[in-house]
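Single-structure report; data block below.
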Amino acid sequence: MTATMPETAAQLPGAAGAAQAAEPTWQERYGVAAREVYRRTLLELARTDPRIICVDSDMGGLETLFGEELPSQYVNVGIAEANLMGVSAGLAATGLLPYANTLSGFAAARACEQVKIDVAGNNLPVRIVATHAGLSAGHYGPTHHAVEDLAILRTLPNLTVVVPADAVETEYAVRATADLPGPLFLRLGRAATPLVHEEPYEFTVGKARELRAGTDVTIVATGPYPVSMALEAARELAARGVSARVLNMHTIKPLDREAVLAAARETGGIVTVEDHLVAGGLGAAVCEVVTQEAPCRVHRIGVPDRFFDHVADERQLLELAGINPAEIAAAAARLAAAPR
Amino acid sequence: MTATMPETAAQLPGAAGAAQAAEPTWQERYGVAAREVYRRTLLELARTDPRIICVDSDMGGLETLFGEELPSQYVNVGIAEANLMGVSAGLAATGLLPYANTLSGFAAARACEQVKIDVAGNNLPVRIVATHAGLSAGHYGPTHHAVEDLAILRTLPNLTVVVPADAVETEYAVRATADLPGPLFLRLGRAATPLVHEEPYEFTVGKARELRAGTDVTIVATGPYPVSMALEAARELAARGVSARVLNMHTIKPLDREAVLAAARETGGIVTVEDHLVAGGLGAAVCEVVTQEAPCRVHRIGVPDRFFDHVADERQLLELAGINPAEIAAAAARLAAAPR
Amino acid sequence: MSTLLEPPATTAAPTVAAPTTAAPTTAAPAGAAPAGAAGPADLADLAHEVRELVLRMGTTAHGTHVGGSLSAADVLTVLYHEVLRLRPEQPDWADRDWFVLSKGHASAALYAVLAQRGFIDRTELATYGAPGSRLAGHPLRRLPGVEFPTGSLGHGLSLASGVALGLRRTGRPGRAFALLGDGELQEGSVWEAAMNAGHHGLDNLVAVVDRNGLQISGSTEECVSLEPLGDRWRSFGWAVAEVDGHDLGALREVFAALPDSAGRPTVVLARTVKGRGVPLFEGKKKSHSVQLTPRLFQRALTGLNARRAR
Amino acid sequence: MSTLLEPPATTAAPTVAAPTTAAPTTAAPAGAAPAGAAGPADLADLAHEVRELVLRMGTTAHGTHVGGSLSAADVLTVLYHEVLRLRPEQPDWADRDWFVLSKGHASAALYAVLAQRGFIDRTELATYGAPGSRLAGHPLRRLPGVEFPTGSLGHGLSLASGVALGLRRTGRPGRAFALLGDGELQEGSVWEAAMNAGHHGLDNLVAVVDRNGLQISGSTEECVSLEPLGDRWRSFGWAVAEVDGHDLGALREVFAALPDSAGRPTVVLARTVKGRGVPLFEGKKKSHSVQLTPRLFQRALTGLNARRAR
Ligand SMILES: Cc1ncc(C[n+]2csc(CCOP(=O)(O)OP(=O)(O)O)c2C)c(N)n1
Ligand SMILES: Cc1ncc(C[n+]2csc(CCOP(=O)(O)OP(=O)(O)O)c2C)c(N)n1
Ligand SMILES: [Mg+2]
Ligand SMILES: [Mg+2]
């Protein structure tokens with residue numbers, strides 16, 4: 001499941017039809033919310049793959065984007081997330097490829113049992129695409145925050161769980177999983193986030209990407225802000241003489257055990273960063289791996305263990321939660337300095 | 001939250017009314033399913049605490065046990081687990097102490113978002129008492145197994161999560177949490193299980209109980225079979241000259257960090273045992289703790305990462321899952337032998 | 001009637017029945033009849049056999065959900081022998097009808113009709129609930145003829161709706177059927193699915209409600225009432241057919257007339273009796289889940305046969 | 001009318017409005033009127049002010065759910081000024097009525113009436129959605145006057161049912177009210193709660209449905225239809241009152257007559273218009289969530305005032 005990606009923006013599928021028009025720049029193409037990139041990529045795939053069905057749960061926008069161009073590949077089940085999952089499982093059982101659209105909290109928590117039994121349990125090729133993950137719903141408050149989704153989903157059998165680090169990786173992830181035989185959970189945010197990737201690269205589901213080499217400590221991050229903050233922290237650390245490896249752990253399940261074990265063995269300490277509760281998510285998954293074969297210190301950075309009902313936008317909430325480059329750098333420096 | 005427990009069975013509250021009759025033996029009193037002990041203990045508490053409301057979701061039996069003796073403290077919401085949680089949160093908000101009764105999979109997965117937002121989020125004193133946890137539903141199959149419940153629940157803020165090791169500890173846990181100011185999740189099985197406790201002892205929520213001292217390795221277990229299997233494994237190990245500490249981790253949240261860190265420091269290796277998927281549960285919680293301060297090897301024993309659709313009874317399913325004294329002993333012996 | 005499962009030894013201890021593991025005698029061929037070929041008399045025989053098989057499965061170590069299996073026996077018999085287009089030798093036949101046992105706890109009755117139709121061997125029924133069996137307390141997807149694993153109530157109508165949509169989308173002739181318990185209708189997920197299916201006008205979707213009036217803790221109307229049930233479904237956009245769920249002829253007619261209203265899904269409200277056919281269990285909430293001792297099995301079987309003779 | 005929130009500078013860039021952070025002018029006292037004391041004319045003033053405040057909150061950095069706040073403005077005005085028995089100075093008064101904004105995205109309208117009633121200070125409205133504010137996009141429980149955090153649709157009726165049961169059990173006079181969106185009724189959890197409340201005969205429970213006919217992706221009837229809505233609720237055991245949700249007098253009457261049927265909960269189906277009061281937004285699905293630029297705010301406010309003058 002590696003995405004074969006175009007070399008330049010002009011070769012990107014969306015650009016093909018507009019060959020006469022000015023070639024869109026990388027920034028023009030990806031400087032939007034990841035969920036927009038997902039939508040246009042899905043539409044593009046659906047144009048040539050009639051098995052694809054866009055299953056909507058009153059997300060807004062899909063009814064025009066999809067419903068108007070490909071009405072026979074669009075169905076709106078309304079505000080009904082449990083049914084969204086059951087219907088998608090039913091569709092998949094008949095040979096179709098449903099993309100079930102909802103918010104991450106409503107996928108992982110509201111419809112949890114339907115995901116557990118009907119989607120994951122049956123190992124059916126349902127693609128759950130969930131937006132507003134982590135704290136990206138910002139000032140919408142705790143009923144819209146999805147900071148327990150990874151803990152729930154990475155535990156369920158059969159699911160592939162992918163968390164793109166930016167809009168670029170979102171396109172890669174959608175393409176790379178188009179033919180996945182089992183179920184997928186694609187975890188997206190709400191607003192546009194900084195671009196981590198400035199040029200094409202090779203994306204492989206289940207294989208962590210080393211964004212920066214390092215020998216003293218490793219920062220393992222997942223999701224847009226965590227990954228870009230990890231890079232920022234690594235740059236700061238470099239200035240202080242600490243060599244930090246940065247891994248973009250875009251696939252939470254199956255987890256890239258080799259990359260984690262190599263980090264443990266080669267750098268002796270790991271900082272994990274996620275926009276998720278400190279328990280149960282990426283950090284827990286990394287701890288599970290290192291304690292099996294190469295025990296090392298792991299400092300987990302995530303949302304503190306309480307109903308996080310601050311009002312602020314995503315960036316500020318992350319700051320309040322202690323998820324920021326300074327914290328990451330400080331934790332990494334401590335681990336790098338600790339005796340192995 | 002320590003339960004003050006009677007010294008002999010005769011002093012147990014249930015025995016008081018039947019003072020004339022023969023004193024029930026410990027075995028008579030606790031040789032039944034934990035859920036039966038929970039029910040009679042709750043009824044007893046409810047007789048003197050009118051704030052207690054037994055909220056039923058068609059579990060069977062409660063309508064006669066509770067509904068007939070204390071009809072004003074009983075309400076049946078029918079087969080409706082989401083509503084069960086919302087109604088219980090509403091009741092708790094008015095000052096009552098609802099005991100919400102359902103199966104563990106239906107509490108943690110089916111009603112997950114209601115538990116997340118309405119119960120845990122609001123930090124209301126709802127007591128969720130869930131039966132059929134782990135693989136205890138046996139031949140009922142995977143739609144009735146609850147092997148992801150701890151991963152979900154231990155991640156949620158405010159919840160206290162207690163997993164008694166036997167019927168005795170169930171009574172202790174119910175009494176010790178009667179006045180808990182926040183929400184409780186009490187995880188029970190289905191059928192009767194071996195008694196781990198043969199006499200009264202002091203039970204404290206949040207404090208692991210050392211069932212056996214040891215210096216070479218520690219086995220941390222939660223739930224009836226895991227704990228009794230851990231003891232059996234420790235006896236086997238002793239015969240082989242390996243000194244294994246056994247901790248009954250009856251409280252999963254808040255986790256007893258001190259006990260885990262002491263185990264890591266003093267015995268150098270930990271085997272965790274749970275009737276739960278290998279990811280996300282007790283094992284993950286232990287890994288999170290040790291990697292923070294005292295990294296050591298942790299071998300997690302639990303249900304393998306797939307839809308576990310074997311037909312068998314609980315004991316046999318555990319065996320098929322690799323949860324048995326021999327596996328525990330073998331893993332513990334390996335860790336004890338490994339260089340620290 | 002069938003002695004496909006060895007009758008349990010009458011000398012066993014009264015409260016603990018030994019699992020029935022003996023080899024079956026040779027089977028009567030009736031069960032292999034293709035859909036539509038069974039006449040009313042045959043149907044009655046088949047339904048009677050389903051009940052007997054349910055009782056036999058109830059003698060296994062963990063017992064079974066006797067009451068809800070017996071109440072659904074006639075509906076399942078008519079569906080599997082008269083209504084559903086299936087190829088037992090090719091369970092994934094693209095043009096088949098799909099059936100979802102949303103009230104998965106009635107698995108014993110489902111296994112009985114699957115055996116009659118040849119999806120599984122009758123001998124396998126003796127393994128109900130036993131270690132290593134494919135016959136779990138609730139249906140597993142890996143059993144031929146089972147489309148989805150069920151058992152957690154309230155999933156089946158969504159699944160069947162998705163199937164109905166998928167069949168429509170892919171232009172296949174099959175229909176999707178789901179059998180629900182009446183207590184199950186207390187799950188909101190049922191109404192979420194009902195509302196959607198009604199809106200999307202899935203006329204290739206049929207829900208059957210086993211309206212036996214009981215759930216685990218008593219009468220549905222005393223626990224959380226469902227009436228006026230027809231009005232509920234109608235107001236959610238469904239065509240409603242009410243029928244005596246134990247009248248085989250009436251059931252045939254109802255299903256033969258489907259879809260009864262173009263552009264709408266249909267719900268068949270089958271008025272049934274929990275434990276039907278076994279006087280001991282009829283209308284009793286205790287019949288929900290029973291482990292039949294040899295003595296109890298004999299009483300039940302005698303009652304079943306006597307009731308039939310009447 | 002109120003200029004409690006400083007009007008945004010008209011010179012700001014048209015697509016990005018600066019958050020309104022200026023201090024408020026002194027407030028008109030009308031909003032502090034105790035329940036039941038506001039006459040119809042006052043009510044109209046108050047409702048108008050709620051709408052203006054909603055628009056002002058819509059000028060903050062993230063905008064707000066304008067359409068569903070405007071459609072609910074009259075209902076909330078009548079509830080908070082005429083119906084609900086509350087003590088703003090003692091939000092946890094044991095004998096109070098309980099209100100749950102199940103359609104939590106209409107928080108702006110709720111904050112407006114909470115400010116009018118003195119639960120919070122009017123100046124605080126300017127902080128809507130801003131860092132450190134107590135006024136989140138969906139209500140937080142730590143805000144005085146908010147009983148439960150909402151925002152995930154489909155929770156409110158269960159919560160209110162639990163409250164109603166608790167009040168009944170503890171012999172308190174209070175009633176429980178929940179305001180639901182019509183799109184929200186597509187959640188099965190609403191019907192799960194409705195069925196239970198109907199069965200338990202919670203006549204101290206009132207649901208109000210803001211029947212504005214729109215959800216995010218369009219008309220409810222085109223997305224997943226809800227009609228015949230009154231029949232649905234009636235068949236689930238509820239008393240149904242239908243009312244023009246913008247007729248303040250009619251709303252007063254409906255609520256004054258509650259409970260209208262002993263032993264049953266009541267649902268008030270309030271026929272409303274999404275975006276009501278602002279011609280720019282009326283009946284438009286795009287009004288669901290809007291960030292008002294200064295220019296847009298001025299147009300909206302002009303429209304609001306003009307419509308009122310008519
Ligand atoms: C989601 C869920 N909640 C609870 C149960 C436990 N349960 C199994 S059967 C049953 C009663 C079902 O009653 P009904 O649907 O009327 O079935 P029938 O009378 O036909 O047996 C219950 C509550 C379950 N299987 N699934
Ligand atoms: C469980 C859940 N699913 C989806 C959403 C996203 N959402 C917010 S508002 C809305 C539309 C609500 O429509 P309606 O109830 O009619 O509200 P109104 O028209 O009054 O604004 C949706 C789908 C949500 N908040 N909660
Ligand atoms: Mg029934
Ligand atoms: Mg609406």
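From a predicted model like this one, the values you see are computed outputs, not experimental measurements. Below, chain A is the first sequence line, B the second, and so on; all start at residue 1.
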field: C/H199 versus chain A, the contacting section by heavy-atom distance below 4.5 Å
entry: neither
- prompt: For C/R172, is it the side chain, the backbone, both, or neither that has a heavy atom closer than 4.5 Å to a heavy atom of chain A?
  reply: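 When you check distances to chain A, only side chain atoms of C/R172 fall under 4.5 Å.
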field: Member of C/E184, C/R211, C/E227 meeting the side-chain contact (heavy atoms from CB on, under 4.5 Å) criterion with C/T220
entry: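 The single option meeting the side-chain contact (heavy atoms from CB on, under 4.5 Å) with C/T220 is C/R211.
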Which atoms of [X] are under 4.5 Å from chain C, going by heavy atoms: the side chain, the backbone, both sets, or neither?
X	result
A/S72	both
A/V55	neither
A/L96	side chain

- prompt: Pick from A/N83, A/V77, A/N76: which one has the most heavy-atom pairs with chain C under 4.5 Å?
  reply: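 Among the listed options, the one with the most contacts to chain C is A/N83.
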- prompt: Is the backbone N or O of C/T127 less than 3.5 Å from a side-chain atom of C/S133, with the two atoms forming a donor-acceptor pair by type?
  reply: yes
Any donor-acceptor N/O pair, A/D309 side chain to A/P142 backbone, under 3.5 Å: no
- request: Quick one: which of C/V163, C/D92, C/V100, C/T150 has the most heavy-atom pairs under 4.5 Å with chain A, could you say?
  value: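 Most heavy-atom pairs within the cutoff with chain A belong to C/V163.
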Electrostatic pair A/R40-A/E44, nearest N-O below 4.0 angstrom: no
query: Do the charged groups of A/R47 and A/E69 touch, with an N to O distance under 4.0 Å?
result: yes
query: Can we call the ring centroids of C/H155 and C/F148 under 6.0 Å apart?
result: no
